[in-house]
Amino acid sequence: MDILFASAALERLCSLEREGKKQLGDRSAKKLRTRLADLQAASRVTDLIAGRPHPLKRDRLGGQFALDLDGGLRLVFESANDPVPCDAAGHVIWAQVTEIRIVYIGDYHD
């Protein structure tokens with residue numbers, strides 16, 4: 001799957017091991033690297049099995065998906081396909097998403 005980033009800061013966090021350890025700690029940084037490898041290896045979102053992949057609800061319902069890292073930390077992404085594949089009700093069809101944009105890494109439960 002193709003991976004894009006919502007900001008340069010998120011790209012640095014994901015691409016520089018030292019930055020990941022500094023911001024997330026050793027354990028979460030290691031999980032982040034593993035989840036990124038899983039994302040790159042997948043053909044589409046529904047191929048993901050590790051990290052309890054799940055679409056988000058409530059205030060993050062707008063077509064976002066999450067993977068668990070460590071503790072309450074999550075890697076959150078959205079479809080970057082153009083156009084975004086949606087059903088008649090406007091919900092993202094994750095089985096057709098082949099390009100994502102990472103939009104958040106952290107604990108959104110706070």
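Computed over heavy atoms, backbone and side chain alike; hydrogens, waters and symmetry mates excluded. For reference, positions follow the sequence shown, starting with 1. Here the structure is a predicted model, which is why all the values come from computation and not from measurement.
Put simply, the residue from Val76, Leu36, Leu13, Leu4 that forms a side chain to side chain contact (heavy atoms under 4.5 Å, CB included) with Ile102 is Leu36.
In terms of heavy-atom proximity, Ala66 sits nearest to Leu56 at CB-CD2, 3.6 Å. Here the closest non-hydrogen pair linking Tyr104 and Leu10 is N-CD1, 3.9 Å. What you find for Ala50 and Pro53 is that their closest heavy atoms are O-CD, 3.6 Å. The two residues Ile105 and Cys14 come nearest to each other via the heavy atoms CD1-SG, 3.5 Å.
Using a 4.5 Å cut-off on side-chain heavy atoms (C-beta onward), Leu69 and Arg35 make contact. For the pair Met1 and Ile100, the minimum side-chain heavy-atom distance is below 4.5 Å. Between Leu48 and Leu67, some side-chain heavy-atom pair lies under the 4.5 Å cut-off. Using a 4.5 Å heavy-atom threshold, the side chains of Glu17 and Arg33 count as touching. Considering only heavy atoms from C-beta on, Val45 comes within 4.5 Å of Phe65 through its side chain.
For the atom pair Thr46 OG1 and Ile93 CD1, the distance stands at 11.0 Å (nearest 0.5 Å). Distance check, rounded to the nearest 0.5 Å: CZ of Arg44 to CG of Asp47 gives 5.0 Å.
Under the 30°/60° scheme for interplanar angles, the aromatic rings of Trp94 and Phe77 are found to stand perpendicular.
Residues forming a side-chain hydrogen bond (donor to acceptor under 3.5 Å, both in side chains) with Ser7 (at least two apart in sequence, or on another chain): none. Listed by chain and residue number, Glu78 satisfy the side-chain hydrogen bond (donor to acceptor under 3.5 Å, both in side chains) test with Arg101 (two or more places apart in sequence, or in another chain). Under the side-chain hydrogen bond (donor to acceptor under 3.5 Å, both in side chains) criterion, Arg52 pairs with Asp68, sequence neighbours left out.
Both Val84 and Val97 are members of a single hydrophobic cluster when ILVMFWY side chains are connected at heavy-atom separations under 4.5 Å.
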Apply side chain to side chain donor-acceptor pair (under 3.5 Å) to the pair Asn81 and Thr98, showing each step before the final yes or no. CA-CA 7 Å; Asn81 287 76; Thr98 58; 3.1 Å; yes
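Between the Arg27 side chain and the Gly25 main chain, no donor and acceptor come within less than 3.5 Å of each other.
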